[in-house]
Visitor: 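Would you mind keeping the following structure in view while I ask a few things?
Basis for what follows: all heavy atoms, side chains included, without hydrogens, waters or symmetry-related copies. All values derive from a computational prediction rather than experimental measurement. Proteins get letters first, then strands, A, B, ... in listed order; numbering begins at 1 in each.
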Amino acid sequence: MPKAPVLTPQADDFPRWYQDVVAKAELADNGPVRGTMVIRPYGYAIWERMQAEVDARIKAAGAQNAYFPLFIPESYLTREAEHVEGFSPELAVVTHAGGKQLDEPVVVRPTSETVIGEYMAKWIQSYRDLPLLLNQWANVVRWELRPRLFLRSSEFLWQEGHTAHVDHDDAAAYAERIHLDVYRSFMVDVLAMPIWVGRKTAKERFPGAVNTITCEAMMRDGKALQMGTSHELGQNFARAFDITFLDDHGVQQHVWTTSWGVSTRMVGGLIMAHGDDAGLRLPPVLAPVQAVVLVIRDEAGVTDAADKLVAELRGAGVRADLDGRADISFGRRATDWELKGVPVRVEVGPRDLANGEVTLVRRDTGTKVQVPLTGTAAAVGAALEAAQADLYAGALARRDAATAEVATLAEAHEAALTGFAKLPWAAVGESGEAELAKSGITVRCLQRADGTLPRADDEADLVALVARSY
RNA sequence: CGGGCUGUAGCGCAGCUUGGUUAGCGCGCCUGCUUUGGGAGCAGGAGGUCGCGGGUUCGAAUCCCGCCAGCCCGACCA
């Protein structure tokens, strides 16, 4: 009899598989308040790696980090009509504090356009103060009825950028720049995830935005996940918060603002885009631990050799850790590292050492090769590079195989059972969008025929990408 | 908010129909010995207000009533 699988196989029950991975790879736990999430050290290490990579890109795009308060006066939210309408169902509101009822209730930020707008108004006087490019790393609260760890929780962690510009074109260009140079670059180069970049339909747009650009990724069950968004807010918030500047002709004008964010949801996306029946598969560029050196048995100088290997790998710039827990069976430890998705395992045992070699195992492919002890660092480096490329190629192949180009709504329905459908936006329209919604299918984004970003909803010959989504 | 289901050890469950010893099983946990090249084996051990409250009964995890909580499906979201 074969052993029971470590995880529920994806093909049996994908959501169950997801929960199993989150639990067994020790990524997160449910918090005591329904919908809240405890991020465990390994899950948080993944998030910290994401933060580091995204933060560096944000700074390269010229934005600076700052921090705004968790509590926002309720009145701020109500100043922008669409914004308050969009968020009010999921607001957590503090009515009592300091032992008494508050004169004005305070909301826990669901996003910070409003507070930041208030301060932009204070700080911006002249066109010389523009553009103002701010970002903050923070937690936000959006009360959720149907929570799922990482994908949808009542409190989550994210980065939210908020910028102000002299005119529409500068704002639009910056929102697009962030989307491509920060988000797409990060998702493709670090997460090894292919994504569609497109424009949200009016129905799917951020409350208060005039345009929302999205990164849409496909999970291994064929469903879509929105991995990040950038919004052009036009002058909506500038008017609501009176953010004005004196232009170079001495004329007072409202600024044009943008906002953009990615969250801990990306951890969920990463799990579901790459994970397999043995657990997580982390792309090497992201992985908190890129290589684990595993002592098979602590005899004949094996531990010493393993220690040296770890030091050598670290010297070569590899994030390497030692697993010298020789009191736990080899098989158990091997499965644990597979669950955690560590890209490369270097196994060292007496037999290897006797031959002057080590066993190198790739997590993504499962391939095992013997390499000379003296060439380990180089072999690990090569394996990491190959794994990064192969994970991307695999995800891209799966996505393209599960994306059908169709012509009609009926065909789109069919295709969305297993993946994405691409069809002319003209064949969908707002009525078609409502029709699809009845089956739980949404228009993920609109693209031009060549895959580039549309400048307007009513451009001719736009293509709609539709799918079921998380 | 409407419909369906479930509450028994950290997790997953059996037991309930037909009330009756000390409430079991798997995983996990602790101790010891033997193990360690794919989730170890054996032996011993710890761990429970059976969701909560009431009722029926000599006796309730089991039957009855009420409550509470959670899960799944229909309107929104990073």
Visitor: What interatomic distance, in whole Å, is found between P of B:A69 and the corresponding atom of B:A46?
Guide: 36 Å
Visitor: Any idea which of B:C73, B:A78, B:C71 is nearest the A:Arg146 side chain?
Guide: B:C73
Visitor: Could you please name the option among B:A75, B:U36, B:G38 that lies closest to any side-chain atom of A:Ile296?
Guide: B:U36
Visitor: Indicate, with a heavy-atom threshold strictly under 4.0 Å, whether A:Glu160 touches base, sugar-phosphate, or nothing.
Guide: nothing
Visitor: Are side-chain heavy atoms of A:Thr258 and A:Leu233 found at a separation under 4.5 Å?
Guide: no
Visitor: Which value, in whole Å, describes the distance between the P atoms of nucleotides B:G51 and B:G12?
Guide: 14 Å
Visitor: Can you build the contact string for nucleotides 3-14 of chain B? Use B for base contact, S for sugar-phosphate-only contact, and - for no protein heavy atom under 4.0 Å.
Guide: ------------
Visitor: Roughly how many Å apart are B:C52 and B:A61, using the P atom of each and rounding to a whole number?
Guide: 11 Å
Visitor: Once you apply a heavy-atom cut-off of 4.0 Å, does A:Arg333 come out as touching a base, just sugar-phosphate, or nothing?
Guide: nothing
Visitor: Rounded to whole Å, how long is the line connecting atom CG of A:Asp323 with atom P of B:U36?
Guide: 17 Å
Visitor: Taking only residues two or more places apart in sequence, or in another chain, which ones meet A:Arg351 in a salt bridge (Lys or Arg N to Asp or Glu O under 4.0 Å)?
Guide: none
Visitor: On RNA chain B, nearest-nucleotide positions of A:Gly331 versus A:Pro207: which is more 5'?
Guide: A:Gly331
Visitor: Please verify the inter-ring angle class for A:Phe241 with A:Phe237; under 30° counts as parallel, over 60° as perpendicular, anything in between as tilted.
Guide: parallel
Visitor: With P as the reference atom in both, quote the distance from B:U49 to B:G53 in angstrom, rounded to an integer.
Guide: 12 Å
Visitor: CD1 of A:Ile441 versus C1' of B:C76: gap in Å, rounded?
Guide: 18 Å
Visitor: Between A:Leu70 and A:Val108, is any pair of side-chain heavy atoms under 4.5 Å apart?
Guide: yes
Visitor: Considering only the C1' atoms, how many Å lie between B:U21 and B:G10, rounded to the nearest integer?
Guide: 29 Å
Visitor: Closer than 4.0 angstrom, basic N to acidic O: yes or no for A:Arg205 and A:Glu82?
Guide: no
Visitor: Tell me whether A:Lys59 is salt-bridged to A:Asp55, with the criterion being a basic N under 4.0 Å from an acidic carboxylate O.
Guide: yes
Visitor: Look at A:Arg362 together with A:Asp364 and state whether they make a salt bridge at an N to O cut-off of under 4.0 Å.
Guide: yes
Visitor: Is the shortest distance from a Lys or Arg side-chain nitrogen in A:Arg345 or A:Asp323 to a carboxylate oxygen in the other one below 4.0 Å?
Guide: no
Visitor: With a centroid cutoff of 5.5 Å and a plane-angle limit of 30°, would you call A:Phe156 stacked on B:A78?
Guide: yes
Visitor: Between A:Glu216 (CD) and B:A78 (C1'), how many Å, whole number?
Guide: 11 Å
Visitor: Rounded to whole angstroms, how far apart are CD on A:Glu299 and C1' on B:U35?
Guide: 12 Å
Visitor: Please list, in numerical order, the residues of residues 47-73 of chain A that have a heavy atom closer than 4.0 Å to any atom of RNA chain B.
Guide: none
Visitor: When the P atoms of B:G47 and B:C73 are compared, how many Å lie between them, rounded to an integer?
Guide: 39 Å
Visitor: Take the protein atom CD of A:Glu90 and the nucleotide atom C1' of B:C76, then report the distance between them rounded to whole Å.
Guide: 7 Å
Visitor: Figure out the NE2/C1' separation between A:His83 and B:C77, and round it to whole Å.
Guide: 13 Å
Visitor: Once you round to the nearest 0.5 Å, how far does CG of A:Leu149 lie from OH of A:Tyr18?
Guide: 6.5 Å
Visitor: My validator wants the stems of RNA chain B: runs of 3 or more consecutive Watson-Crick or G-U pairs, both distances under 3.5 Å, written as range with range.
Guide: B:1-7 with B:68-74, B:10-13 with B:24-27, B:29-34 with B:40-45, B:51-55 with B:63-67
Visitor: What side chain to side chain donor-acceptor pair (under 3.5 Å) pairs are there with at least one residue in residues 209-220 of chain A, not counting sequence neighbours?
Guide: A:Arg199-A:Asn211, A:Lys200-A:Glu216, A:Asn211-A:Glu232, A:Thr212-A:His231, A:Thr214-A:Glu216, A:Glu216-A:Arg444
Visitor: If you assign each of A:Lys24 and A:Lys438 to its closest nucleotide in RNA chain B, which residue comes earlier from the 5' end?
Guide: A:Lys24
Visitor: From the options B:G70, B:A78, B:G38, select the nucleotide whose nearest atom is closest to the side chain of A:Phe330.
Guide: B:G38
Visitor: Examine distances only and state if a side-chain atom of A:Asp189 and a backbone atom of A:Leu191 form a donor-acceptor pair shorter than 3.5 Å.
Guide: no
Visitor: Counting the atoms with a prime plus P, OP1 and OP2 as sugar-phosphate, which does A:Lys368 contact under 4.0 Å by heavy atoms, base, sugar-phosphate, or nothing?
Guide: base
Visitor: If you only use heavy atoms from C-beta on, which nucleotide in B:G74, B:C77, B:G38 is closest to the side chain of A:Arg142?
Guide: B:C77
Visitor: Would a 4.5 Å heavy-atom cut-off, applied to side chains only, mark A:Phe186 and A:Met266 as touching?
Guide: yes
Visitor: Flag the pair A:Glu113 and A:Arg79 as a salt bridge only when some basic side-chain nitrogen lies within less than 4.0 angstrom of an acidic carboxylate oxygen.
Guide: no
Visitor: Do side-chain atoms of A:Arg57 reach the backbone of A:Tyr183 as a donor and acceptor pair under 3.5 angstrom?
Guide: no
Visitor: NA contact type, A:Ser153, heavy-atom cut-off 4.0 Å: base, sugar-phosphate, or nothing?
Guide: base
Visitor: On a whole-Å scale, what distance lies between the C1' atoms belonging to B:C76 and B:C16?
Guide: 41 Å
Visitor: Reckon A:Ala326 touches a base, only the sugar-phosphate, or nothing at all at heavy-atom distances under 4.0 Å?
Guide: base
Visitor: In whole angstroms, how far is the C1' atom of B:U35 from the CZ atom of A:Arg332?
Guide: 15 Å
Visitor: Is A:Asp298 salt-bridged to A:Arg325, cutoff N-O under 4.0 Å?
Guide: no
Visitor: Expressed in whole Å, how much space separates the C1' atoms belonging to B:G19 and B:C27?
Guide: 31 Å
Visitor: Please find out if less than 6.0 Å separates the ring center of A:Phe68 from that of A:His162.
Guide: no
Visitor: Mind running a 4.0 Å heavy-atom check of residues 343-367 of chain A against RNA chain B and sending the residues that fall below it, in number order?
Guide: A:Arg345, A:Glu347, A:Gly349, A:Pro350, A:Arg351, A:Asp352, A:Thr359
Visitor: Can you measure A:Asp298 atom CG to B:U35 atom P for me and round it to whole angstrom units?
Guide: 15 Å
